[in-house]
Amino acid sequence: MIGYYPDLEYVRKAFDDEEEIQDYIVGSYLLWRFMIDIDYQGKGYGKEGLNCALDFIRTLPCGKAEYCWLSYEPENDVARKLYRSFGFLEMPMPKGWDEVPAVLKL
């Protein structure tokens, strides 16, 4: 699932009041859900799928953006390594979040 947050008003509607909104979210794409079934992990599908998703996002299908971001469970080292290999940088966990955000400059 890919999302697009065009402006601050849209972002405020999408987030809970308790969640801290980071600057990189406004005017960005979100890779909201990226999942590979456990039976298919470790076979290169994640790398290929993420590459395809980012190629699509870089066409800016919903509008201009400077960043693509995502989040994952803090203990998910497989996801952390995959996203890091594509250049995503971990950000501090904002107030109200239970997942680690990571940001990629497009």
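What you are looking at is a predicted structure, and each value in this text was computed from that prediction instead of being measured. Numbers here are sequence positions counted from 1.
- Residues Gly96 and Glu19 come closest through the heavy atom pair O-CG, 4.0 Å.
- Closest non-hydrogen pair, Met91 versus Val103, comes out as CG-CG2, 3.5 Å.
- Leu70 and Leu30 get closest at one heavy-atom pair: CA-CD1, 4.0 Å.
- In terms of heavy atoms, Leu31 sits closest to Ala53 at CD1-CB, 4.3 Å.
- Side-chain contact between Leu106 and Leu60: present, with at least one pair of heavy atoms (C-beta onward) separated by less than 4.5 Å.
- Side-chain contact check for Cys62 versus Pro6: every heavy-atom pair is 4.5 Å or farther apart.
- With values rounded to the nearest 0.5 angstrom, Ile21 atom CD1 is found 11.0 Å from Lys95 atom NZ.
- Placement of Val78 and Leu82 in two distinct hydrophobic clusters is found when ILVMFWY residues are connected by side-chain heavy-atom separations under 4.5 Å, directly or transitively.
- Between the side chain of Asp37 and the main chain of Asp39, a donor-acceptor pair closer than 3.5 Å is present.
- Here the rule is side-chain contact (heavy atoms from CB on, under 4.5 Å) with Ile36, and of Glu48, Gln41, Lys43, Lys47 only Gln41 fits it.
- Partners of Asp77 according to the side-chain hydrogen bond (donor to acceptor under 3.5 Å, both in side chains) rule, which considers only residues two or more places apart in sequence or in another chain, are Arg80.
- Across Phe34 and Gly46, no two heavy atoms sit closer than the pair CZ-O, 3.3 Å.
- Every pair passing side chain to side chain donor-acceptor pair (under 3.5 Å) that includes a residue from residues 54-75 is listed here, sequence neighbours excluded: Ser28-Trp69, Glu66-Lys105, Ser71-Glu99, Tyr72-Glu90.
- Residues Leu89 and Tyr29 do not share a hydrophobic cluster, clusters being chains of Ile/Leu/Val/Met/Phe/Trp/Tyr side chains in contact below 4.5 Å.
- Every residue meeting the side-chain hydrogen bond (donor to acceptor under 3.5 Å, both in side chains) condition with Glu20, not counting sequence neighbours, appears here in chain and number order: Gln22.
- Between atom CD1 of residue Ile57 and atom OH of residue Tyr4 there is a gap of 12.0 Å, rounded to the nearest 0.5 Å.
- Other residues, nucleotides and ligands place more than 12 heavy atoms under 6.0 Å from the CZ atom of Phe86.
- Using a 4.5 Å cut-off between side-chain heavy atoms of Ile, Leu, Val, Met, Phe, Trp and Tyr, with links allowed through other members, Leu50 and Met1 fall into the same hydrophobic cluster.
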